Amino acid sequence: MDYLEELNPEQRKAVEQIEGPLLVLAGAGSGKTRVITTRITHLIAYYGISPYRILAMTFTNKAASEMKQRVEKVLGSPQPDLVISTFHSFCARFLRREIGFLGRERNFIIFDTQDQTKVLKDVLKRLKLNAKEYPAGILRQKISLRKNNMPDNVFLDPDLEKKIFDRYQSELLTQNALDFDDLLVLTNQILENSDECRQRYSQRFEHIMIDEYQDTNRIQFQLITQLAGDKPNLCVVGDEDQSIYSWRGADIRNILDFENHFKDAKIIKLEQNYRSTQNILTYANRVIVKNKQRKPKKLWTKGSDGLPVSKRRFPRGIEEAESIAERIKMSGMSYRHIAVLYRVNFLSRVLEEVFRRKRIPYQLVGGLKFYDRKEIKDILSYARCIVNTRDWTSFSRAINIPTRGVGSVTLDRIRFYYDQTGDIQTAMEEALSNGVLKGRAAKGVKSFLDLVVRFRASSSTKTPSTWMNSLLNAVEYREHLRKEDVFTIEKREDNINELIESMRELEKQGVKDIAEFLDFTALISDQDQIDDSVDKVSLMTIHAAKGLEFDTIFVMGLEEGIFPNKRALEENEHALEEERRLFYVAVTRAKNTLYLSHSKRRMTYGSYFDNPPSRFLSEKSRPPINPIQSTSIPPKGSGQPHQGKAMLVGDTVVHPVFGKGTVLALSPKGLDMRVTVRFSVYGTRVFLKSKAPFQ
DNA sequence: GTGCTAAGCATTTTT
DNA sequence: TGCTTAGCAC
């Protein structure tokens with residue numbers, strides 16, 4: 001039981017409290033992952049509970065597989081029966097087995113946002129509604145809110161809204177497709193309505209653990225309740241200060257009402273932080289204390305004060321990005337230990353431009369997903385409509401790639417038969433035998449039909465990767481790419497090879513059929529795509545950084561309108577607190593060094609706009625400045641330049657961005673010193689001595 | 001049915 | 001600024 005020795009008393013309590021409902025309020029960096037993994041280990045190793053009876057839910061597949069690896073490492077053996085999974089993956093697997101309860105077929109396809117949009121546009125067209133007046137994006141949101149029983153403040157004629165919703169839903173049913181929300185909703189429905197099924201699962205999972213509990217929504221809560229059964233051995237771990245997904249239905253009441261809902265619930269607070277320096281924690285505490293909707297909590301550490309938090313202002317986004325790049329280069333740290341965070345995805349563009357120019361290797365987390373790339377989507381749409389011949393959405397994409405002479409008119413004709421049969425294969429057959437298709441179109445449809453028939457037959461006899469590879473050859477997809485675009489061909493071919501490679505990888509992990517692989521491609525998250533093996537700086541939104549930590553964190557674009565985000569603030573009166581929690585999450589990702597920055601002018605839609613600095617930068621008292629900092633040893637791995645040296649008027653200093661300059665004046669400012677420097681190119685500038693990166 | 005050009009729209013956050 | 005879509009010529 002060596003593994004218990006590594007825990008502090010509170011953590012240990014959480015691990016040893018194995019019966020009944022337990023709420024662990026775990027502050028940022030307080031070792032909650034360790035608590036969950038150790039708890040699982042303890043259940044198996046000490047109490048001899050079968051891994052088959054344990055279920056743990058996490059937020060990303062990456063977190064799930066890391067947890068599993070940790071457990072396996074401590075136990076010293078692989079644990080194939082232990083289920084650690086995301087909610088969505090768990091539900092997908094559940095439904096692959098149990099969807100028969102709803103009278104539906106098991107070979108359903110999971111529709112992502114793009115597919116949903118396509119279905120909605122089709123629905124609008126058939127209801128003869130103008131797509132401009134009813135933007136698919138907003139409708140998608142409304143549908144999601146509806147499925148989650150959430151309030152909706154966008155007004156639409158209720159009858160019309162219901163009509164659109166019903167059409168959308170029946171279209172998904174016809175196509176045998178589920179959207180992300182359906183995965184949770186239908187799983188919940190089955191558990192609720194089938195006593196037999198619910199008992200089977202709640203009896204199996206004697207011990208349930210939920211990570212990032214503050215970001216679970218109402219449906220997830222119901223799901224947990226059903227699975228936990230009458231005598232819940234349920235351990236949830238979360239931090240209301242890090243709740244950043246209320247717009248997606250995350251319901252803070254799940255945490256706040258836990259004690260009321262589960263009688264005799266125990267509560268354990270973890271406040272000791274193992275991640276960040278005291279300066280960073282002090283800053284974080286001062287940020288979050290402004291929020292009213294929270295339980296009092298204060299992070300502390302036994303570690304050193306570390307460096308003060310740096311705040312900097314730049315004329316434009318370019319200078320901001322260049323300064324970040326210079327600091328990264330100067331620090332001499334491994335790139336993999338550094339991340340740049342921002343509120344909105346479009347801010348990554350400046351960074352990418354500058355990093356590429358300065359030859360700083362980076363990986364963009366989020367944005368366009370690997371499986372969302374055009375060439376990958378093309379191939380997957382083939383596979384999808386072959387696996388599930390009711391998938392019209394994928395069929396209508398696949399049939400004319402490469403061009404087979406099938407355009408919108410031909411597609412409409414096939415759709416006529418699809419509406420009667422609900423199956424693309426029979427629809428094609430009937431369209432052909434009834435002679436409504438002629439010439440090139442008929443030939444094209446015939447060849448596609450043959451392809452579907454042939455590959456349906458071989459889908460069960462070949463491994464997914466070999467099946468996919470021969471599919472690629474059969475449609476001559478690589479040749480098609482070569483014709484389409486000479487400039488991007490290399491990258492696209494690489495991506496296709498990577499797709500096959502990722503299938504082989506999953507086969508090794510036990511994925512044996514294509515449907516399962518397709519689930520994987522739909523449910524992959526941004527974080528899942530982070531490659532830890534390469535030495536690159538990570539660029540991502542703060543949402544994507546949830547649960548991660550880095551030695552050095554840059555938070556950029558701290559400007560009113562961007563962060564806090566204008567659109568978010570328009571939503572409701574609680575939005576500002578959520579933005580502040582988001583800022584808190586950003587700050588607490590940093591282990592050693594934290595840089596905050598904003599720019600006066602920001603390029604948006606191709607032209608410049610002026611934004612005042614974010615209120616988050618000024619609404620708290622001064623950042624902590626440690627008076628004895630010049631003699632304290634900087635934490636390992638941080639690359640902060642020397643700051644304690646005496647500086648005199650007339651000295652020459654070198655600034656990473658502005659270059660060589662001469663010190664014109666020095667004046668005290670609080671505990672710090674104001675330094676005026678004249679640069680040959682950039683003119684005269686004023687710095688705070690403790691924060692200026694002079695060499 | 002395909003392919004080109006110009007206009008117009010986009011930026012909250014994601015499984 | 002950069003991407004998608006509508007409209008038009010072939």
Side-chain angles (χ1 to χ4, degrees), chain A residues 57-64 85-92 110-114 116-117 121 131-132 135-137 140-141 144 147-148 178-184 212 215-217 219-220 243-250 317 341-350 353 365-369 371-372 374 399-400 402-411 438-441 444 483-484 519-529 540-546 557 561-571 575 578-579 581-583 585-586 602-609:
Chain A
M57 299 279 205
T58 62
F59 214 71
T60 66
N61 296 301
K62 186 171 184 263
S85 155
T86 66
F87 274 98
H88 286 87
S89 300
F90 175 84
C91 291
I110 300 169
F111 271 9
D112 64 17
T113 312
Q114 280 182 44
Q116 281 180 286
T117 306
K121 283 188 174 167
K132 282 237 169 71
R140 217 179 345 98
Q141 265 181 32
S144 179
K147 289 190 178 183
N148 284 293
L178 308 182
D179 64 21
F180 291 132
D181 294 315
D182 286 340
L183 292 172
L184 304 178
E212 307 278 10
D215 283 325
T216 51
N217 65 22
I219 306 277
Q220 285 166 329
S243 164
I244 55 175
Y245 279 103
S246 75
W247 52 274
R248 202 172 81 179
L341 310 182
Y342 35 81
R343 173 69 232 269
V344 282
N345 274 311
F346 83 90
L347 292 179
S348 72
R349 196 164 288 163
V350 214
E353 204 183 296
V365 183
L368 187 65
K369 290 194 175 78
Y371 294 103
D372 284 344
K374 190 180 166 297
I399 186 154
N400 212 28
T403 50
R404 290 187 182 80
V406 180
S408 61
V409 176
T410 309
L411 215 48
K438 304 207 168 54
R440 261 200 311 169
K483 267 180 257 166
E484 201 176 46
D519 286 352
F520 175 83
T521 66
L523 296 177
I524 196 147
S525 77
D526 285 338
Q527 275 189 23
D528 296 336
Q529 303 184 86
M540 65 188 111
T541 64
I542 300 159
H543 282 93
K546 176 191 167 82
I562 291 179
F563 195 12
N565 189 267
K566 201 172 128 212
R567 304 270 296 248
L569 294 190
E570 285 163 4
E571 296 249 297
E578 178 142 323
E579 292 290 297
R581 287 195 293 270
L582 199 52
F583 184 49
V585 168
R602 173 79 52 198
M603 171 86 87
T604 320
Y605 302 133
S607 44
Y608 280 105
F609 291 89

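Letters A, B, ... are given to chains in the order of the sequence lines, protein chains preceding strands, and every chain is numbered from 1. Given the structure is predicted, the values throughout are model-derived calculations rather than measurements.
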message: Distance check needed: B:dT15 C1' versus A:Q220 CD, whole Å only.
response: 9 Å

- prompt: Tell me: CD of A:E579 to C1' of B:dT11, nearest whole Å?
  reply: 13 Å

task: Looking at every strand, decide which applies to A:G606 at a 4.0 Å heavy-atom threshold: base, sugar-phosphate, or nothing.
output: base

statement: Looking only at B:dT14, B:dT13, B:dT11, the nucleotide nearest the A:V344 side chain is B:dT13

- request: Could you check A:G405 against A:T60 and say which one's nearest nucleotide on DNA chain B is further toward the 5' end?
  value: A:G405

Listed nucleotide nearest any side-chain atom of A:A544, set B:dG1, B:dT15, B:dT14: B:dT14

task: Measure from CG on A:D181 to P on B:dT14 and round the result to the nearest Å.
output: 16 Å

- prompt: What distance separates A:I244 CD1 from A:K546 NZ, expressed to the nearest 0.5 Å?
  reply: 5.0 Å

- request: Compare the minimum distances between each of C:dT5, B:dA10, C:dG2 and the side chain of A:R349, then state the nucleotide with the smallest one.
  value: C:dG2

query: Within the structure shown, what part of the strands sits under 4.0 Å from A:D526 by heavy-atom distance: base, sugar-phosphate, or nothing?
result: sugar-phosphate

- line: Of the listed B:dG1, B:dA10, C:dT5, the closest approach to the A:K121 side chain comes from C:dT5

field: Rounded interatomic separation in angstrom, taking CZ from A:F346 and P from C:dG2
entry: 13 Å

query: CD of A:Q527 versus C1' of B:dT13: gap in Å, rounded?
result: 14 Å

statement: To the nearest angstrom, the NZ-C1' distance between A:K566 and B:dT11 comes to 11 Å

query: Any stacking of A:Y245 on B:dT14, going by centres under 5.5 angstrom and planes within less than 30 degrees?
result: no

message: Distance alone, cut at 3.5 Å: any donor-acceptor contact between the side chains of A:S348 and A:N345?
response: no

query: Looking across every strand, which nucleic acid part, if any, lies under 4.0 Å from A:S607 by heavy atom: base, sugar-phosphate, or nothing?
result: nothing

- prompt: From B:dA10, B:dT13, B:dT15, pick the nucleotide closest to the side chain of A:N345?
  reply: B:dT13

- request: Report yes if at least one side-chain N or O of A:T113 is closer than 4.0 Å to OP1 or OP2 of B:dT14; otherwise report no.
  value: no

message: Between the base of B:dT13 and the side chain of A:R343, is there a donor and acceptor pair under 3.5 angstrom?
response: yes

query: In whole Å, what is the span from the CZ atom of A:F111 to the C1' atom of B:dT14?
result: 19 Å

Heavy-atom side-chain contact between A:L582 and A:F563 under 4.5 Å: yes

message: Under 4.0 Å between a side-chain nitrogen and a carboxylate oxygen: does that hold for A:D179 and A:R140?
response: no

field: Whole-angstrom distance between C:dA6 and B:dT11, as gauged at atom C1'
entry: 23 Å

task: Report the distance from atom CD of A:Q114 to atom P of C:dT5, rounded to the nearest whole Å.
output: 11 Å

- prompt: Looking across every strand, which nucleic acid part, if any, lies under 4.0 Å from A:S89 by heavy atom: base, sugar-phosphate, or nothing?
  reply: nothing

task: For A:V409 and for A:L523, find the nucleotide of DNA chain B with the closest heavy atom, then tell me which residue's nucleotide is more 5'.
output: A:V409

query: Just to confirm, is there a sub-4.0 Å distance from OP1 or OP2 of C:dT1 to any side-chain nitrogen or oxygen of A:T604?
result: no

- prompt: Is any side-chain nitrogen or oxygen of A:K369 closer than 4.0 Å to OP1 or OP2 of B:dT14?
  reply: no

- line: Looking only at B:dT11, B:dT15, B:dT2, the nucleotide nearest the A:N400 side chain is B:dT2

message: For A:F180 and A:H88, take the angle between the two ring planes, folded into 0 to 90°, and tell me which bin it lands in: parallel under 30, tilted 30 to 60, perpendicular over 60.
response: perpendicular

